[in-house]
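Since this is a predicted model, take the numbers as computed values, not measurements. Every heavy atom of this structure was used, including side-chain atoms; hydrogens, water molecules and symmetry mates were not.
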Amino acid sequence: MYSADIMNSKITSLIDHVLREAKDRFHRRCIILSGGQAWCHGKLEDIYNANSLENLLLITNTKTDVGNNKTIVPTEALQFLGHEFDHAVIDFHDGIDPNILGAISGTVCGGGLLILLMPPLHKLKYFADPEKQRMTIWPYEVKDVGQRFLQRLHKIITQSDNVTLLQENETLPEQPNIKSKTNLAAYLEREACRTIDQQQAVESILHMAHGHRHRPLVITANRGRGKSAALGIAAASLLQEGIERIIVTGPRLNSTAMVFKHAKKLLPDARYSPGKLINNSGRLEYLAPDVLCRESPKCSLLLVDEAAAIPVPMLHHMLKNYARIVFATTTYGYEGTGRGFAIKFQDILGQETPGWQAQEMNIPIRWAPHDPVETFIFRCLCLDAGVDTLESTINPRQVVFEKLDRDTLVDNTIDSEKLLSGIFGLLVLAHYQTQPRDLRYLLDAIGLDIYIARHNDIVIGTAVTEREGDIDPDTAHAVYRNERRVTGHLLPQTLESFAGIKNASAASYLRIMPVSYTHL
């Protein structure tokens, strides 16, 4: 065994090598520190001190010395969607939340590190994860929640070529070979629009702002494609033309930060305060969705960022009250899914504004193509889950219906991944506000069952059900009298406390969550 000093020197050399590779290729790299929490934080401090990592976001409940960088607790993490950092650290000893992983990984820019602090991998399946509390329903305990998500995560990490894994009391991995460099000028030295996709999006916004009324534009893009930046660039151009008022809305002010950042960059003389940019007689300002719907203030253009995170009735209200509107949303986001959003909302768009336009942005800006962190995150969270296309018409006699054993979804085979992707892809398609956290719920929630319909081994439909009820008489009586609520059991408690049906909680229920299907 190496001495502590030699080991630290080898780790420093390895991290330096990984950082150089990341910067040379304008890729992000993922480093996983796996071991006890104290060991992980000690190694993080060593890495920080040796490499002087700046503009770093650290998410943890534990105090760690990372200089003047920003440290937040996990409950604050999702507020930073839409921000950019050179590096980010997530302490998963505090709970492995897929939403945080999905949201924060997208804030790291090319050339940076995503560092995950994790319990020992060989014990991951048995980790007493605080995140399981979300899935614990009465009368069960945390230990009754499944371990399939963690089992699958362990498999992905140990089999991945896209992470650098450092484990306590384990041999260090080999240094990766630095491949050809990326032409950084293609990403860092261009003018306002850094890809053809972004330029086309800006042009579409400007065309819509000057063209016929009631022809809204829907922009969908994956994380890091410059969607919000395109809104800001277009807004700045319109303000320079003399447009008087542009309103931008989104789930929260922070989620529109990139819109204002890029507008301000192009209008250096404009007066800026959080949520407001004033240029001569024109202004770009933020209004929360509920305020916008309640007051319906006049404006020349409405920009809706992260539209998939806003309830459809609000979006419908905006559509009816504003003649020029852009709906932009992340294709695979932690708050909502852009593909499902487009499908669900397009019926309303078609009825209300048949001339609406759609545009998709595919080329990454925040990092170079073929980014290893994006590949890793997509695999972990099924963000690239899709729906298989049938090559022939469905023969009803060849459709097979079955109840799944959820263990088959994580049995370490290619077929299990294909099946999980097919099921989750259908759910994403059908329910536009699907979150990465829903994947863990699907795999591990208590009392949940999955039914599927297959045609020639292709999943064409799925239904997810939850078993509820069988509540003991004393507890049921307390529910009926509005003296108590128990976790879970939505249907029987609703019948007891709101419909006033006494003893409804004593019965057994099978609550069918929204059914997802395709090709039918």
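Between atom CG of residue D86 and atom CG of residue L113 there is a gap of 9.5 Å, rounded to the nearest 0.5 Å. In this structure, CG on L253 lies 11.0 Å from CD on Q79, to the nearest 0.5 angstrom. From L53, atom CG reaches atom CG of L19 across 6.0 Å, with rounding to the nearest 0.5 Å. To the nearest 0.5 Å, atom CZ of residue R152 and atom SG of residue C380 are 7.0 Å apart. Expressed to the nearest 0.5 Å, how far OH of Y286 lies from CG of N254 amounts to 9.0 Å.
Between H83 and F85, the ring planes lie parallel to each other; the angle is under 30°, not in the 30° to 60° tilted range.
Side-chain contact annotation: D472 with T475, donor-acceptor N/O pair under 3.5 Å present. For the residue pair Q37/D91, the side-chain donor-acceptor check at 3.5 Å is satisfied.
Other residues, nucleotides and ligands place no more than 12 heavy atoms under 6.0 Å from the CG atom of D457. The local environment of CZ in R485 is crowded, with over 12 non-hydrogen atoms from other residues, nucleotides or ligands closer than 6.0 Å. Applying the 6.0 Å contact sphere to CG of D161 captures no more than 12 heavy atoms from other residues, nucleotides or ligands. No more than 12 heavy atoms of other residues, nucleotides or ligands sit less than 6.0 Å from atom NZ of K70. Within 6.0 Å of atom CG in N68, 12 or fewer heavy atoms from other residues, nucleotides or ligands are found, so the atom counts as exposed in its surroundings.
Separation of the F345 and F327 ring centroids falls under the 6.0 Å cut-off.
Looking at E168, its side chain never comes within 3.5 Å of a backbone N or O of W39 through a donor-acceptor pair. A distance-only check finds a donor-acceptor pair linking the side chain of R28 to the backbone of S105 [under 3.5 Å]. Judged purely by atom type and a 3.5 angstrom limit, H154 has no side-chain atom pairing as donor or acceptor with the backbone of L124.
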* Residue pair H87, N69: steps toward the side-chain contact (heavy atoms from CB on, under 4.5 Å) verdict -> CA-CA 10 Å; H87 313 282; N69 289 292; over 6 Å; no
* Apply side-chain contact (heavy atoms from CB on, under 4.5 Å) to L404 and L419, showing your working. => CA-CA 10 Å; L404 281 183; L419 180 58; 4.0 Å; yes
* Checking side-chain contact (heavy atoms from CB on, under 4.5 Å) for the pair T164/I32: CA distance, chi angles, key distance, verdict? -> CA-CA 6 Å; T164 300; I32 296 179; over 6 Å; no
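Checking L409, L427, L443 one by one against I450, the side chain to side chain contact (heavy atoms under 4.5 Å, CB included) holds for a single residue, L409. When the options R366, R225, R379, R223 are evaluated for a salt bridge (charged side-chain N to carboxylate O under 4.0 Å, His left out) with E374, the one that passes is R225.
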